[in-house]
Asks: 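Submitted below is the structure of interest, expressed as structure tokens.
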Number of protein chains: 2
Amino acid sequence: MPDKTTGLYFALFNEIAIIEQLSRAMFEARLPKGLMVSHFSVLNHLVRVGDGATPLKLARAFQQPKTTMTHTLAGLERHGYVRMEPNPKDKRSKQVFITKEGRVFREDAIGLLAPDVARIAAIFPPAQAEALLPGLQALREEMDGLRD
Amino acid sequence: MPDKTTGLYFALFNEIAIIEQLSRAMFEARLPKGLMVSHFSVLNHLVRVGDGATPLKLARAFQQPKTTMTHTLAGLERHGYVRMEPNPKDKRSKQVFITKEGRVFREDAIGLLAPDVARIAAIFPPAQAEALLPGLQALREEMDGLRD
DNA sequence: ACTATATGGTACGATATCGAATTATATGCA
DNA sequence: TGCATATAATTCGATATCGTACCATATAGT
């Protein structure tokens, strides 16, 4: 493997890290204090995919350590945005449900973030975003698969 | 702006966040304890772009808060991988130089990370990475520009 | 059924990240 | 020149992230 190839992937991951950084900073500047993009993302996932999933399943969906998800869910629960129930299928486990307050917060947050999204869309049009997405999804899935 | 468009950008940033997460976890599993991708990235930058830059310039290059860069540089200095000197052009400021030890560590780290890069390259070929990169760079630059 | 191993979740400690405030120096402008 | 404001960097405090260890329960092999 030539150095040039290694450098290519370093450059790729570096761009990705910077964009992640920029988007997180931009969004968190809009969210109320104490709520992070991680909180919003979980609520968004619960609405889009449906709730009732276990914490571990959520951690896997975001490819995060389960301790991180425990922490994020604790924050959401403290705000009353999710409810944790014992999992009837497995006494070790729990199920996560989004509350009405959680749905309201998600809706509000989308409204708060919309202007930023619009600013991005103005300079990086949806067609370009759509062009990028499949490649990123493919990369994500492949890297996901490497984790065994 | 239709909801579909907002969702598109959320999906885009979500994929980017997950890939950032996966690549960071993969690389940090290889690096010696106490050294993060952030440390490696800074050393890599100093070698590729040249050293002597100020901490603030480095923070901007990575689009990070300057306090984060102060912390990262302190870690690198503690390991003897960079040397901080007063900036003769500006007494408030400093210049960051990579040491011989820092260069050696960077080389070693590249060697440690190479197998992972190779595994990624095997399933997500360089041609695809190259295809992705310009769009990501464009997105990065546009978002960068929004930061006024 | 019994035991070994695997799995879901949490507690805890270390530390990375980052905003706010602070200090020192630089710059602009009257 | 003198003063207001801006800028480079650090300190400090809060907390997000994450690895390790642990407990409870489940599953597999005998």
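We use all heavy atoms of the structure for the numbers below, so side chains are in, but hydrogens, waters and symmetry mates are not. Just so it is clear: chains get the letters A, B, ... in the order the sequence lines come, proteins before strands, and each one is counted from 1.
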Asks: Supply the atom-to-atom distance Leu146(B) CG to Asp116(A) CG, rounded to the nearest 0.5 angstrom.
Replies: 8.0 Å

Asks: Does any N or O donor sit under 3.5 Å from an N or O acceptor when you compare the side chain of Lys94(B) with the base of dA9(D)?
Replies: no

Asks: Please state how far atom CZ in Phe27(A) lies from atom C1' in dC18(C), giving the value in whole angstrom units.
Replies: 18 Å

Asks: Can you see which heavy atom on Val117(B) is nearest to which on Thr6(A), and at what distance?
Replies: CG1-CA, 4.1 Å

Asks: What closest approach, in Å, do Ala129(B) and Leu8(A) show between heavy atoms, and which atom pair accounts for it?
Replies: CB-CD2, 3.9 Å

Asks: Would you indicate, yes or no, if dT17(C) has its OP1 or OP2 atom less than 4.0 angstrom from a side-chain nitrogen or oxygen of Gln21(A)?
Replies: no

Asks: When you measure from the side chain of Lys91(B), which nucleotide among dA26(C), dC18(C), dT10(C) comes out closest?
Replies: dA26(C)

Asks: Starting at CG of Leu58(A) and ending at C1' of dG8(C), how long is that distance when rounded to a whole Å?
Replies: 13 Å

Asks: dT17(C) C1' sits how many Å from Gln63(B) CD, rounded?
Replies: 16 Å

Asks: Could you pull out the closest heavy-atom pair between Ile18(A) and Phe62(B), with the gap in Å?
Replies: CG1-O, 4.0 Å

Asks: Kindly give the heavy-atom pair with the smallest separation between Glu20(B) and Ile16(A), and that separation in Å.
Replies: N-CG2, 3.9 Å

Asks: Would you indicate, yes or no, if dT17(D) has its OP1 or OP2 atom less than 4.0 angstrom from a side-chain nitrogen or oxygen of His71(A)?
Replies: no

Asks: Between C1' on dT17(D) and CD on Glu20(B), what's the gap in Å once rounded to a whole number?
Replies: 11 Å

Asks: Round to a whole Å and report the spacing from NZ of Lys66(A) to C1' of dA21(D).
Replies: 11 Å

Asks: At a heavy-atom distance below 4.0 Å, what parts of residues 28-47 of chain B sit against DNA chain D?
Replies: none

Asks: Determine the contact category for Asp90(B): base if any of its heavy atoms lies under 4.0 Å from a base atom, sugar-phosphate if only primed atoms, P, OP1 or OP2 are that close, otherwise nothing.
Replies: sugar-phosphate

Asks: For Leu56(A) and dA24(D), what is the distance between atoms CG and C1' respectively, to the nearest whole Å?
Replies: 15 Å

Asks: Taking atom P of dG19(C) as reference, at what distance in whole Å does atom CE of Met26(A) sit?
Replies: 14 Å

Asks: Would the distance check show the side chain of Thr99(B) and the main-chain N or O of Tyr81(B) forming a donor-acceptor pair, the cut-off being under 3.5 Å?
Replies: yes

Asks: If you take all heavy atoms of Glu77(B) and Met84(B), which pair is closest and at what distance?
Replies: OE2-CG, 3.2 Å

Asks: Both Ser93(B) and Lys89(A) contact DNA chain D. Taking the nearest nucleotide for each, which residue is further toward the 5' end?
Replies: Ser93(B)

Asks: Indicate yes or no for a side-chain donor-acceptor contact from His79(B) to the backbone of Leu76(B) under 3.5 Å, with no hydrogens or angles considered.
Replies: no

Asks: Could you state the atom-to-atom distance from CD of Glu77(B) to P of dA9(D) in whole Å?
Replies: 13 Å

Asks: Looking only at side-chain atoms of Arg92(B), point me to the closest of dG8(C), dA9(D), dT7(D).
Replies: dT7(D)

Asks: State the CG-CG distance between Leu136(B) and Leu132(A), to the nearest 0.5 angstrom.
Replies: 4.5 Å

Asks: Using five pairs at either end of the helix from dA1(C)-dT30(D) to dA30(C)-dT1(D), determine the angle between the two local helix axes and round it to 10 degrees.
Replies: 30°

Asks: For dT7(D), does either OP1 or OP2 sit under 4.0 Å from a side-chain N or O belonging to Arg60(B)?
Replies: no

Asks: Under 3.5 Å, is there a donor-acceptor pair between the side chain of Glu142(A) and the main chain of Phe124(B)?
Replies: no

Asks: Where each residue is assigned the nucleotide of DNA chain C containing its nearest heavy atom, which of Gln64(B) and Thr67(A) is assigned the position nearer the 5′ end?
Replies: Thr67(A)

Asks: Base, sugar-phosphate, or nothing for Thr70(A), non-hydrogen atoms under 4.0 angstrom?
Replies: base

Asks: Across the strands shown, which category fits Gln95(A) at heavy-atom distances under 4.0 angstrom: base, sugar-phosphate, nothing?
Replies: nothing

Asks: Select from Leu73(A) and Arg24(A) the residue whose nearest nucleotide in DNA chain C is closer to the 5' end of that strand.
Replies: Leu73(A)

